[in-house]
Every structure is written in C-alpha cells, then in structure tokens.
2 protein chains.
Amino acid sequence: MSATSTVTTPSFAQALAESGLRSTPQREVIYSILLSERNHPTADEVFARVKTELPSISLATVYNCLETLVQCKLVKAVNFERESTRYCPNLQPHAHFHDDQSGATHDISLPQEVLSQIKSILPPGYDAASVEITFRGKSPCANPADQRN
Amino acid sequence: MSATSTVTTPSFAQALAESGLRSTPQREVIYSILLSERNHPTADEVFARVKTELPSISLATVYNCLETLVQCKLVKAVNFERESTRYCPNLQPHAHFHDDQSGATHDISLPQEVLSQIKSILPPGYDAASVEITFRGKSPCANPADQRN
DNA sequence: GTGAGAATTAGAATTATTCTAGATAGCTAA
DNA sequence: TTAGCTATCTAGAATAATTCTAATTCTCAC
C-alpha cells in the first residue's frame, strides 16, 4: 500500500540542483509524502509517515529535508516563524509587517474595505472569527539598532 | 524613571470584571507596560521589564497575566498559535483557514486582485517579500474525525 | 475574623526544534 | 579502481518557549 511511489521528476532534481543540492531518497520520499498528503502535516507527522518507507530515517533528517525543500521553494512552511509569541495592545484592525533585517514588527493599519474584501474570498460556509495578516520584508526604518521589535 | 505609572482606569478593571476576573497589581503593571512599550514585546521581555516594578513576580505569572489580558480582549497575541510548523506543497498564492474545532487547516485560494489590494495598504518604503493570511473560525467540513489538518 | 475561591509563585515537565559529532555515501581526479 | 573531499544522514544531547503542579498568599463575602 505504498501510495508514495517516489516521484523523481526531473524538475524535482532540477530545483535542488539549482541550489547546488542533491536529490536523495530521503528528500524524494518526504516531498512525495507532502504531495500525496495534502493536509499540512507537521514535521513529526511526516516523520511517522516516512519511517514506513525509510525505517532508519531520523527526525533531524526530516527537519533538514523540510528546510531544504522550503529553501528550494518546493514547499511552503505554514505557521512560519517559530519565535516567541508577541503581544500588542492595538485593538484596531491592523496587519503586521515583520522587518527581516531588524526583526522589528510594525503595525500597518487595515482599512475596513480591504478587510471586507479579504473576507470575501472565503467560500460559503466558512465563518472566520479572526484574520491575521503578516507581511515580511524590508521596512523603511533605517536604524535596526533602535527598533528591536 | 518609572514610565509605567500603573494605569488603573475603570475600563481596565471593568474589562476584567466582565470576565469575572480581578484587577491585580501584576495585571495592571503588565498591561501598562504593553501600553507604554509599543514594540510587541515577548513574554520574556515583559518579564524583564515588570521585574523592575514587582521584583518578586514569576515568569509563570507573566504568562498567566498575558493570557488573561488576551482573553479579556485587552491585548492581542501576535504570532498566535504556538504549534508545530506545518508544510504544504501548494505554491499558488493562497490563504489558510484554521478550523478551531477540528484543528484542520484548509487552503483558500487568493485571487490576484485581492492580493494586490492587500499589498496596497503598505505605506511607501515598505517592501514585502511575502504575505501570510490566516483565518480562524468554523469551517463547513462537518466531520472533524477524518480531517486532521 | 473566617473560609472559599482566585491569584501568584517556584520549579519541574513538556514540546518543538536545533546543534553536535560521528558515520555514510557519492563524486572527482589520479 | 581508489583516495579524498564534501554532502548528507544519524542519534542523541541541548535549547527555548511555554505549560503544569503543588503549595502559598491574597481577597472578598459572610
């Protein structure tokens, strides 16, 4: 019942090669698991699944491979950065901008009409209690030193 | 240099009271720190700061108080849920919907025009490399059992 | 003042993730 | 082929954020 017939598409190897990396059995199997199991698995869930095909694989390798696939833009990491939770007293609807350089997080005010347009992408039946919008990139704040967050 | 003159506004006590909770020195000081330090501090940073006013406070209390303030809707938690990172091979622009009941995460496709409208809220100088949009609430998927993520 | 429940405390426990050091494997040039 | 270099993999220890536990302290209603 091996649903994950290892996909060794040229494009897979190619995407890795473009970053100077090799296609390995571990990477192939993990990628094929992500393709077949479209339910946003965690590293641990991938680990459990991949062990049935490569029993000697280690959890560290799973983390390494997932990180590699993200770097090669073959998969995306959801719930992105695993840093400390941060708190803000700004209760107005707003988005956040995370400056990659300084690590600072800025509030970006969110006009009502944009918010409702965002909510309009939800198919019928979806009832959203909250939306979280986070940008990441470069912000105009010149001095990283005086802006920790 | 005690910038945090404890704010005991009636509304603060009131917001707590509405949830059947008390206004305590620890909660007041922590809230006032969040108000004065508008840079999205972490629990640890709040802990460091609050210790100068309440030297005997414990880290657990800081976590408890922050959680309490979030429950009373006095502050918001950014970088919300501290769960495992999840991975998906869907490279199209899409948002995520997190079903609170089942814990499942669904992809929501994101039309180009909505995406560009979202990006348009950024003030000049902000250069976003990526945007992450996450809804949370109730999704129409009836059976929580067969949809883990 | 007393007693019940709420809140706080210190420290242990948990969980996701990263680090480290050693073992393997695969390619390159002789 | 084979020696050597590097990439990759592995197991287990280490780290960091957070939660849990049990004991103590505080508050308020009576």
Side-chain angles (χ1 to χ4, degrees), chain A residues 6 8 12-13 15-31 33 40-51 53-72 74-75 77-87 103 105 149, chain B residues 6 8 12-13 15-31 33 40-51 53-72 74-75 77-87 103 105 149:
Chain A
T6 313
T8 324
F12 176 78
L16 286 160
E18 275 166 18
S19 305
L21 299 166
R22 293 181 196 147
S23 173
T24 68
Q26 288 87 347
R27 288 171 181 169
E28 286 173 17
V29 172
I30 285 173
Y31 183 55
I33 284 173
H40 305 83
T42 63
D44 235 34
E45 286 163 357
V46 171
F47 182 47
R49 178 82 181 276
V50 71
K51 267 197 292 194
E53 297 203 38
L54 303 173
S56 68
I57 199 169
S58 85
L59 180 56
T61 301
V62 173
Y63 274 102
N64 289 342
C65 290
L66 287 170
E67 169 66 16
T68 299
L69 296 178
V70 169
Q71 272 174 16
C72 298
L74 284 163
V75 312
V78 186
N79 191 14
F80 43 92
E81 76 169 328
R82 199 185 160 65
E83 283 185 355
S84 309
T85 300
R86 294 177 175 278
Y87 298 88
T105 299
N149 312 299
Chain B
T6 314
T8 325
F12 177 78
L16 286 161
E18 275 167 17
S19 305
L21 300 166
R22 294 180 194 148
S23 174
T24 68
Q26 290 86 345
R27 287 171 181 169
E28 286 173 18
V29 172
I30 286 174
Y31 183 55
I33 285 173
H40 305 83
T42 63
D44 235 33
E45 286 163 358
V46 171
F47 182 46
R49 178 81 181 276
V50 72
K51 268 196 293 194
E53 299 202 38
L54 303 173
S56 69
I57 199 171
S58 85
L59 180 56
T61 301
V62 173
Y63 275 103
N64 289 342
C65 290
L66 287 170
E67 170 65 15
T68 299
L69 296 179
V70 169
Q71 272 175 15
C72 298
L74 284 163
V75 312
V78 186
N79 192 14
F80 43 92
E81 77 166 328
R82 195 178 164 68
E83 282 186 354
S84 309
T85 300
R86 294 178 176 278
Y87 299 87
T105 300
N149 311 299

Between the side chain of A/Glu18 and the main-chain N/O of A/Ala15, is any donor-acceptor distance below 3.5 Å?
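Such a contact is absent between A/Glu18 side chain and A/Ala15 backbone.
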
Could you walk me through whether B/Asp44 and B/Val62 pass the side chain to side chain contact (heavy atoms under 4.5 Å, CB included) check?
CA-CA 8 Å; B/Asp44 235 33; B/Val62 173; over 6 Å; no

Atom pair [atom1] ([X]) and [atom2] ([Y]), whose distance is rounded to the nearest 0.5 Å:
X: A/Arg86; Y: B/Leu66; atom1: CZ; atom2: CG; result: 12.5 Å
X: B/Thr68; Y: B/Arg22; atom1: OG1; atom2: CZ; result: 12.5 Å
X: A/Tyr31; Y: A/Leu74; atom1: OH; atom2: CG; result: 5.0 Å
X: A/Gln26; Y: A/Ser58; atom1: CD; atom2: OG; result: 9.0 Å
X: B/Ile30; Y: B/Thr24; atom1: CD1; atom2: OG1; result: 8.0 Å
X: B/Cys72; Y: B/Phe12; atom1: SG; atom2: CZ; result: 8.0 Å

If you compare all heavy atoms of A/Tyr87 against all heavy atoms of B/Ala43, which two are closest, and at what distance to 0.1 Å?
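Heavy atoms of A/Tyr87 and B/Ala43 come nearest at CE1-N, 4.3 Å.
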
If you look at every heavy atom in B/Phe47 and B/Ile57, which pair is closest and at what distance?
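Shortest heavy-atom separation between B/Phe47 and B/Ile57 comes out as CE1-O, 3.5 Å.
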
Atom pair distance, as rounded to whole Å: [atom1] in [X] and [atom2] in [N]:
X: A/Glu45; N: C/dT15; atom1: CD; atom2: P; result: 15 Å
X: B/Tyr87; N: C/dA16; atom1: OH; atom2: P; result: 12 Å
X: A/Glu67; N: C/dC19; atom1: CD; atom2: C1'; result: 14 Å
X: B/Phe47; N: D/dA16; atom1: CZ; atom2: P; result: 16 Å

Produce a footprint string for nucleotides 6-11 of chain C: one letter per nucleotide, 5' end first; B if the base is under 4.0 Å from any protein heavy atom, S if only the sugar-phosphate is, - if neither.
SSSBBB

Using a cut-off of strictly less than 4.0 Å, decide whether A/Tyr63 has a side-chain nitrogen or oxygen near OP1 or OP2 of C/dT17.
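Indeed, a polar side-chain atom of A/Tyr63 lies that close.
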
For the helix from C/dG1-D/dC30 to C/dA30-D/dT1, what angle lies between the axis at the first five pairs and the axis at the last five pairs, to 10 degrees?
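One end axis against the other gives 20°.
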
Evaluate the side-chain proximity of B/Glu28 to B/Ser23: yes if any heavy-atom separation is below 4.5 Å, no if none is.
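Touching, per the 4.5 Å side-chain cut-off.
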
Pairwise N/O distances under 3.5 Å, protein to nucleotides 1-3 of chain C:
none

